[in-house]
Amino acid sequence: MDIVILAVVIAVVVLGALGGLIVGSRRKKQLPPPPPAAPDITAPPAEPHVGDEAETPREEPRRTIEEVDLPDGSAPVVVEEPPAEAPEIEIPEPTVGRLVRLRTRLSRSQNALGKGLLTLLSREHLDEDTWEEIEDTLLTADVGVQPTQELVERLRERVKVLGTRTPEELRTLLREELITLVGRDMDRAVKTEPEDRKPGIVMVVGVNGTGKTTTTGKLARVLVADGQSVVLGAADTFRAAAADQLQTWGERVGAHTVRGPEAGDPASVAFDAVKEGKEMGANVVLIDTAGRLHTKTGLMDELGKVKRVVEKHAPVDEVLLVLDATTGQNGLVQARVFSEVVDITGIVLTKLDGTAKGGIVVAVQRELGVPVKLIGLGEGADDLAPFEPEAFVDALIGE
């Protein structure tokens, strides 16, 4: 009996131990995570308000699309743009006496010519070496060989007759001879008012870099200052922004500008400019041509074509050649070639202030047989002046 009880106790202990092991192994196994609970959806907070409106907004009745009046599209919506401001029209200063007012700028070149000659002529003894120095002074000032020889010969004769020379007598003598050399009797008026028709036609020609387009714009100011109406023809279609530059000059004085497409036919633009000038009843049409290089024969031929096409309307009254005074004798080569293509009627000398040499006025007139009609004495809008021999010489030799 005792053995049976012992066996039962052992069996119970063994069963209990086995049960503990089974429960422990189950605890070590990870149970799958529980499925996520559905989130609680809450209404968004009401839009905050201030004062008496600090409450939850109430639903308000809204119209459907059928109840909203829509435009039928018959009347387009017009957006009004602010009107563009018209450029302010400038009133150029009168041209009468302009060269006298600009004398100080012109006199910057007097040291090489006027004062140099007066110093040499004031020597007590004028020997051959002195006269050679006088010749060198004139040649250095770009007067030219033939005019220099003529001037020196006349000076020698008059000084010999004069005998004793005071500074004032020498100055008067030199002034008279230089005025004679420059040319007192040449017609220097720019022909812009033909008697039998309107408008007068002026072509402006020259190589690149001489200030041709700027000169055309300044000439428009000169003509407007003298009471004439002007149309500008932007026939320089090869240089970028040349037409824009000319149009800006025209707008400043109220001159109409005719232009064509870039790289277009210059002769066509010139033809249209004269046509519009006639229709508008303008006094003058100024045609700015391309800055053709004198070494390009084909381009020079095209310049002749522009002139021929324009003359289908009427004869060209003026052909002004713009020369850079600082180029000196090299400018004479340009003048020679241009005169062979078109009949040059007048010269415009630019950049005659500063380091320019005044003798180029004499040389270019002798070369072409035509007068210098206008000179440029600076970068200002009104620094283009009609050429006046007396005022020019006075500026060269000083007071």
Side-chain angles (χ1 to χ4, degrees), residues 90-110 175 178-194 199-206 210-230 232 249 252-253 255 283-288 316-325 331 335 344-354 356 358-365 368-396:
E90 300 178 8
I91 301 176
E93 62 176 284
T95 58
V96 177
R98 180 179 289 185
L99 184 56
V100 176
R101 295 193 296 273
L102 298 173
R103 179 183 296 180
T104 55
R105 296 181 183 178
L106 181 59
S107 62
R108 294 173 189 170
S109 61
Q110 70 178 342
R175 180 179 186 273
L178 286 176
I179 290 176
T180 301
L181 193 65
V182 170
R184 189 197 304 265
D185 301 327
M186 303 183 78
D187 184 6
R188 303 183 186 276
V190 179
K191 302 296 189 299
T192 58
E193 298 181 272
I201 303 172
V202 179
M203 283 182 59
V204 183
V205 301
T210 58
K212 184 170 43 53
T213 299
T214 300
T215 297
T216 305
K218 291 182 179 181
L219 179 55
R221 295 179 65 89
V222 169
L223 297 173
V224 169
D226 291 339
Q228 301 189 54
S229 57
V230 179
L232 298 172
W249 277 102
R252 293 170 66 177
V253 293
N283 297 110
V284 188
V285 175
L286 297 179
I287 300 172
D288 176 33
V316 174
D317 300 287
E318 283 276 9
V319 179
L320 298 176
L321 174 62
V322 180
L323 293 177
D324 183 344
I344 304 298
T345 60
I347 305 296
V348 182
L349 279 177
T350 62
K351 308 175 187 178
L352 198 56
D353 59 327
I360 190 63
V361 172
V362 176
V364 73
Q365 290 183 155
L368 297 183
V370 297
V372 171
K373 295 191 173 184
L374 299 162
I375 57 175
L377 297 169
E379 300 297 330
D382 293 317
D383 288 342
L384 185 70
F387 183 77
E388 303 168 19
E390 291 83 359
F392 176 75
V393 171
D394 288 340
L396 288 181

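In this structure, Q365 contributes its side chain and V182 its backbone to a donor-acceptor pair below 3.5 Å. When atom types are taken as modelled, the side chain of E90 and the backbone of R252 share no donor-acceptor pair closer than 3.5 angstrom. No donor-acceptor pair under 3.5 Å is formed between the side chain of K373 and the backbone N or O of I347. Distance alone, capped at 3.5 Å, is enough to place a donor-acceptor pair between the T350 side chain and the L323 backbone.
Closest heavy-atom contact between V364 and V361: CG1-O, 3.5 Å. Minimum interatomic distance between E318 and A189 (heavy atoms only, all atoms of both residues): OE2-O, 3.5 Å. Scanning both residues, A220 and L232, for their nearest heavy atoms gives CB-CD2, 4.0 Å. Scanning all heavy atoms of the two residues, the minimum distance from P92 to V253 falls at CG-CG1, 3.9 Å. For the residue pair I179 and P389, the shortest heavy atom distance occurs at CG1-O, 4.5 Å. Shortest non-hydrogen contact noted between P199 and D317 is O-OD2, 4.3 Å.
In this structure, L321 CG and K212 NZ are separated by 10.5 Å, a value rounded to the nearest 0.5 Å. Rounding to the nearest 0.5 angstrom, the gap separating the CD atom in E388 from the CG atom in D394 is 10.5 Å. In this structure, CE in M203 is found 10.0 Å from CG in D288, a value given to the nearest 0.5 Å.
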Verdict with supporting geometry, E390 and R184, salt bridge (Lys or Arg N to Asp or Glu O under 4.0 Å): CA-CA 8 Å; E390 291 83 359; R184 189 197 304 265; 3.4 Å; yes
Audit row: L320, T215, side chain to side chain contact (heavy atoms under 4.5 Å, CB included) steps and yes/no: CA-CA 10 Å; L320 298 176; T215 297; over 6 Å; no
CA sep, side-chain torsions, deciding dist, call: T345, V370, side chain to side chain contact (heavy atoms under 4.5 Å, CB included): CA-CA 6 Å; T345 60; V370 297; 5.7 Å; no
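By the 4.0 Å N-to-carboxylate-O rule, D383 lies too far from K218 to be salt-bridged with it.
Two residues are said to be in side-chain contact when any heavy atoms from C-beta on lie closer than 4.5 Å; D226 and T192 fail this criterion. The shortest side-chain heavy-atom distance between V322 and T216 does not fall under the 4.5 Å cut-off. Residues F392 and L352 are in side-chain contact: their nearest non-hydrogen atoms beyond the backbone lie under 4.5 Å apart. Contact of the N283 side chain with the L223 side chain is not registered, since no non-hydrogen atoms from C-beta on lie closer than 4.5 Å.
Each of V348, T214, L384 was checked for a side-chain contact (heavy atoms from CB on, under 4.5 Å) with L219, and the lone residue meeting it is L384.
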